[in-house]
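Reading through the structure tokens given below for one structure.
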2 protein chains.
Amino acid sequence: MAKNKKVTSYDVAREAGVSQSAVSRVFRPGLSVSQKTRDKVMTAANRMGYRPNAIARMLITKQSGMVAVIVSSRANVNYPEVLSQVSKQLAAQNKRVLLFTLDDPDGVDELFEQIWTFQVDGVIALAAHFESHRLAQFEEHDIPVVLYNRNVPDSMANTVCCNHELGIKQLITELEKNNPKKYLVLSGPKDSDVANERREIAISLLKQFDVEDVSILYGDYSYQSGRDCLAKWLQKNPAPDAIICSNDTMAIGVIDEARENHNIHIPNDISVVGFDGITSSAWLSYQITTIKQPVEQLVKAAVAMLLERIETPDLPPEARVLTGVLIKGNSVKRP
Amino acid sequence: MAKNKKVTSYDVAREAGVSQSAVSRVFRPGLSVSQKTRDKVMTAANRMGYRPNAIARMLITKQSGMVAVIVSSRANVNYPEVLSQVSKQLAAQNKRVLLFTLDDPDGVDELFEQIWTFQVDGVIALAAHFESHRLAQFEEHDIPVVLYNRNVPDSMANTVCCNHELGIKQLITELEKNNPKKYLVLSGPKDSDVANERREIAISLLKQFDVEDVSILYGDYSYQSGRDCLAKWLQKNPAPDAIICSNDTMAIGVIDEARENHNIHIPNDISVVGFDGITSSAWLSYQITTIKQPVEQLVKAAVAMLLERIETPDLPPEARVLTGVLIKGNSVKRP
DNA sequence: TTAATATTTGCATTCGAAGTCATTATTACG
DNA sequence: CGTAATAATGACTTCGAATGCAAATATTAA
């Protein structure tokens, strides 16, 4: 029926013998239209294949119905799951995801330009680091922002985050059952907020547990860096008793390297823990003891928080911290 | 500077002492504006923090600058990489990604409604199955579509796909070096086009290789289904000599199950091959022989094809088939 | 210097739906 | 049955940038 020609509300109005306003009202929920008019309009609209033009609606209502989701390549952790959850949750609230990937720090300016011009209703940032002046820019433009999996102390930001402190404490408690002497902490990259936080928490908790001998290594969250860090360490040092990895992927690298190239048995020779609870952490070859992030709840919280700020822009900043789940795998020695 | 108040082209025009048209022309590339006017406008614009409103521009130009990317949950394979590539490639062409997730087949109607109302410039579908009347709908609405990783025979669709036939032939050639007697083909789900294609190609190629003894199992592409299928098979049958898995994830499940629960050694007892070349297929514990999909090139091709259709809507349908790379891992016995 | 041409510029209109406001139809009730 | 109150309707304006067109200005040629 509608071939090549876009049908507008005027076309439908003419066809239905009513005014354009009437058509508009029929397609806006909760407006008073008589049943008779509604029927006339709906039949005409269906016959002609009319769909309201979202762009025109955005312009007049100043609500794009879109949420910018910013993903940095470092977000790989639970990326597919998080992103698809975000998309679903937002769809349920009648919002769409406008996706931006941010790899290059130089791209931030360009990214922000895009966000302003697209007049998004809000922003969810996954694992992207923004300096505080960047956050201030959002404020200036009256665009609510929620930082996912981020814990920015002293900040004005809305954040949703898994409880790192509690999680890492549970992991260390597991490890301490064997009274390990020598600890290795395999941190993520120094320029990652999450990595720094996890590392510092681990260090300070180990102090609380009266652990003396702790060394810090720096990887980049990747499998290969897990392998490389362990290999390098073993070149000059004896094997540690326990390794705390800042994420599961590096833990998997550590385990593979230990097994294949150094004939070290996990967990008997070294206990390893990870963080995140990614799918492959549960695979039989690894079975990592780790903290599983409650992705669905985290996303729900983030979306709910964002929608609240869109509704009521002047709510004070808030940080929601959810508890992860300890997965007792097979990578920590049984005492 | 610009606090709370949106700056429009009229504001800038007044400030710069020119007309609104002039402002518009300055921000549209390739239009003739004198250097003097351009400077006046740019200073005013910068001072006031003006950014053109993309929504208004969309309305008048009838180009949203957005491409709908439809992802089904089954697309998990290389999801993060593909999606981030798509986003990057499109960004380079000044287009944004409007993300839609499609899990529930009942959601298709709703999804299509959304796509029409948002007036996207084009659509890229990742691993989502559409019946041909759906594709026809896109045609009616003049929205170009490219199907990623899909091979629809006899269809009017634009597709980009990795050469399954060639890839699987290479894999079988590897396996045949050991003259295996008994083959297992572990297929993906029956309602997945890609799974069906890979399975049928494997079966027909095995015939060409004069292989007699082939059994087909059906998984759902997941790790767990790889494990379950093998376990179930071994309950009633002896171990096969070779297993062709329709993707790497199931191959990993097969390997884990064989090793851990049946004391079967890979590759000495059973040779296993996968498909896709996902990151974890290269992990030391698995080292799967597989075909690595040329993701970057596939995405490049898909984006290029889509842009061509947007530019020139009447181009005939096209299928681009790229060749994957054989990764010789350690999951096939050395003869 | 003037005519002829090319380049800039601004006015007015457009895109398509939504909302304002005044007007008309409908209902309720004394 | 008349009047007040309420519901439904349409004419008109708005959102913000882009563009066809004609007028104004600048540039070049003669």
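Note that the structure is a prediction, hence the values are computed from the model and not measured.
Per the geometry, CZ belonging to B:Arg57 stands 21 Å off P belonging to C:dT14, to the nearest Å. Counting to the nearest Å, the P atom of C:dT13 and the CG atom of B:Leu59 are 18 Å from each other. A straight line from CZ of B:Arg14 to C1' of D:dG16 spans 13 Å, rounded to a whole angstrom. The interatomic distance linking A:Met58 (CE) with C:dA18 (P) rounds to 12 Å, in whole Å. In this structure, the CG atom of A:Leu31 is 13 Å from the C1' atom of C:dT20, given to the nearest Å. Atom-to-atom, CZ of A:Arg28 to P of C:dA17 comes out at 11 Å; the value is rounded to the nearest Å. At whole-Å resolution of the value, CD1 in B:Ile55 and C1' in C:dA18 are 15 Å apart. Spacing between atom CD1 of B:Ile60 and atom C1' of C:dG16 amounts to 10 Å, rounded to whole angstrom units.
Looking at residues two or more places apart in sequence or on another chain, you find a ring pair (Phe, Tyr, Trp, His ring centres under 6.0 Å) between B:Phe138 and B:Phe112, B:Trp116. The salt bridge (charged side-chain N to carboxylate O under 4.0 Å, His left out) check on A:Lys40 picks up nothing, with sequence neighbours excluded.
Here the options are A:Asp11, A:Val33, A:Thr8, A:Val41, the test is side chain to side chain contact (heavy atoms under 4.5 Å, CB included), and the partner is A:Val23; only A:Val41 passes.
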Every protein N/O within reach of nucleotides 22-24 of chain C N/O, cut-off under 3.5 Å:
none

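The nucleotide whose nearest atom lies closest to any side-chain atom of B:Asn53 is, among C:dG19, C:dG16, D:dA17, D:dA17.
Between C:dA18 and A:Ser24, a contact under 4.0 Å exists linking OP1 or OP2 to a side-chain N or O. A close approach under 4.0 Å does not occur between any side-chain nitrogen or oxygen of B:Thr61 and OP1 or OP2 of D:dA18. Close to C:dC15, at under 4.0 Å from its OP1 or OP2, lies no side-chain N or O of A:Tyr10. Checking the phosphate oxygens (OP1, OP2) of D:dG16, no side-chain nitrogen or oxygen of B:Tyr50 falls inside 4.0 Å. Residue A:Lys62 has a polar side-chain atom (N or O) positioned under 4.0 Å from OP1 or OP2 of D:dG16.
Looking at A:Arg134 and A:Asp109, a side-chain N of the basic residue comes within less than 4.0 Å of a carboxylate O on the acidic one, giving a salt bridge. Residues B:Glu197 and B:Arg150 are not paired through a salt bridge, judged by the lack of any N-O separation under 4.0 Å between the basic side chain and the carboxylate. Checked for salt-bridge contact, A:Glu311 and A:Arg309 miss the test: no charged N lies under 4.0 Å from a carboxylate O. Salt-bridge formation is not detected for the pair A:Glu81/A:Lys88: no Lys NZ or Arg NE/NH1/NH2 atom is positioned less than 4.0 Å from an Asp or Glu carboxylate oxygen.
Contact of the B:Val69 side chain with the B:Phe100 side chain is not registered, since no non-hydrogen atoms from C-beta on lie closer than 4.5 Å. Counting heavy atoms from C-beta outward, A:Val146 and A:Val123 have side chains that stay 4.5 Å or more apart. Using a 4.5 Å heavy-atom cutoff, the side chains of B:Thr159 and B:Tyr148 are not in contact. Contact of the B:Val145 side chain with the B:Asn158 side chain is not registered, since no non-hydrogen atoms from C-beta on lie closer than 4.5 Å.
When only modelled atom types and interatomic distance are considered, A:Ser34 and A:Thr37 share a side-chain donor-acceptor pair under 3.5 Å. For the residue pair B:Gln93 / B:Gln89, no side-chain donor-acceptor distance below 3.5 Å is found, with atom types taken as modelled.
Remark: the backbone N or O of A:Leu83 is not paired with any side-chain donor or acceptor of A:Ser87 at under 3.5 angstrom.
Looking at residues 112-119 of chain A, you'll see that no heavy atom sits under 4.0 Å from any atom of DNA chain C.
Each end of the helix from C:dT1-D:dA30 to C:dG30-D:dC1 yields a helix axis from five base pairs, and these two axes differ in direction by 30° (to the nearest 10 degrees).
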inquiry  = Generate the contact string for nucleotides 5-10 of chain D. Rules: B means base contact, S means sugar-phosphate contact only, - means no protein heavy atom under 4.0 Å.
reply    = ---SBB
